[in-house]
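This report concerns only the one structure given below.
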Amino acid sequence: IFSDGNNLTGTLPPELGNLGWLKVLLLDQNQLSGTLPSELGGLKMLTDLNLRANQFTGTLPSGLGNLEELIFLSASTNMLTGTLTPELCHLRELTDLWLYQNKLSGTLPSDLVFLGKLAVLSLYENQFTGTIPSELGNMKQLTHLDLEENIFTGTIPSELGNINKLAFFDLGSNLLTGTVPSTLGDL
């Protein structure tokens, strides 16, 4: 279903979850609102889910972790709250995770490292707290890591220097302290 860049309003109907054959759902750049229905977890064949630039509220449904074929997930530029659901770490095929410009909070789960194919992790302009997990340094496929404008504290993990494919790296506007690890020179 391609219906991006329109003026669609209202909420997502839970019945969308009945489309088990669906591979692509692009509803970005509309005026959709309300919470994301848990029934989205029924879209077992989905590879691309783009809900960017709407007015969605509430949390990311844990059922998204059932989308084992999902490669691309964007729910950026909405008003989503809550934490990153641990079930997202079950998405072994995921290469792109775009959740920037929301109101997501809590700490980053170290289980993100299980997303072995992840190339893009864009979480800027949220309200994430705590330290940046050193386990992110094991995500060898990352090319884009954007954690700017959150509330991360502590030091920059030296393990991030192990991500040698990284082409874009932004930790700006957080509350980080300490020195810049020399291992970042290996990027």
Within a strict 4.5 Å, meaning less than it, do heavy atoms of the [X] and [Y] side chains meet?
X	Y	value
Glu69	Lys44	no
Asn7	Gln31	yes
Val24	Thr47	yes
Phe56	Asn102	no
Leu16	Pro37	no
Leu36	Leu51	yes
Leu160	Phe169	yes
Gln141	Leu118	no

When you check the side-chain N and O atoms of Thr77 and Gln101, is any donor under 3.5 Å from an acceptor?
-> yes
Side-chain donor or acceptor of [X] paired with backbone N/O of [Y] under 3.5 Å:
X	Y	value
Asp170	Gly172	yes
Thr183	Ser158	yes
Asn150	Gln127	yes
Asn78	Asn54	yes
Thr143	Ala119	yes

Counting only heavy atoms not in Lys103, do more than 12 fall under 6.0 Å of its NZ?
-> no
Linked, directly or transitively: [X] and [Y] (ILVMFWY side chains, under 4.5 Å):
X	Y	answer
Leu32	Leu19	yes
Val180	Ile163	yes
Leu97	Phe114	yes
Leu184	Leu142	yes
Leu123	Val120	no

Would you list the pairs meeting side-chain hydrogen bond (donor to acceptor under 3.5 Å, both in side chains) in which at least one residue belongs to residues 106-118, sequence neighbours left out?
-> Glu93-Lys117
Can you pull the ring-ring contact (aromatic ring centres under 6.0 Å, His included) pairs that have at least one residue in residues 123-147, sequence neighbours excluded?
-> Trp98-His144, Tyr100-Tyr124, His144-Phe168
State, to 0.1 Å, how close Ile156 and Pro181 come at their nearest heavy-atom pair, and which atoms those are.
-> O-CG, 3.2 Å
Which atom of Pro61 lies closest to which atom of Thr85, heavy atoms considered | O-CG2, 4.2 Å
Exactly one of Leu49, Leu43, Asp96, Leu64 clears side-chain contact (heavy atoms from CB on, under 4.5 Å) with Leu70, and that residue is Leu49
With Leu60 as partner, the option from Thr81, Leu40, Leu99 fulfilling side-chain contact (heavy atoms from CB on, under 4.5 Å) is Leu99
Would Glu68 and His90 count as a side-chain contact (heavy atoms from CB on, under 4.5 Å) if you check the C-alpha gap in whole Å, the side-chain angles of each, and the deciding distance to 0.1 Å?
-> CA-CA 7 Å; Glu68 296 177 1; His90 299 163; over 6 Å; no
Share the residues that join Met45 in a hydrophobic cluster, the rule being Ile, Leu, Val, Met, Phe, Trp or Tyr side chains under 4.5 Å apart at the heavy-atom level.
-> none
If I take atom [atom1] from residue [X] and atom [atom2] from residue [Y], how far apart are they, to the nearest 0.5 angstrom?
X	Y	atom1	atom2	answer
Glu125	Leu147	CD	CG	13.0 Å
Leu27	Ser74	CG	OG	11.5 Å
Leu46	Leu25	CG	CG	6.0 Å
Leu8	Asp28	CG	CG	10.5 Å
Thr59	Leu84	OG1	CG	11.5 Å
Thr153	Leu175	OG1	CG	7.0 Å

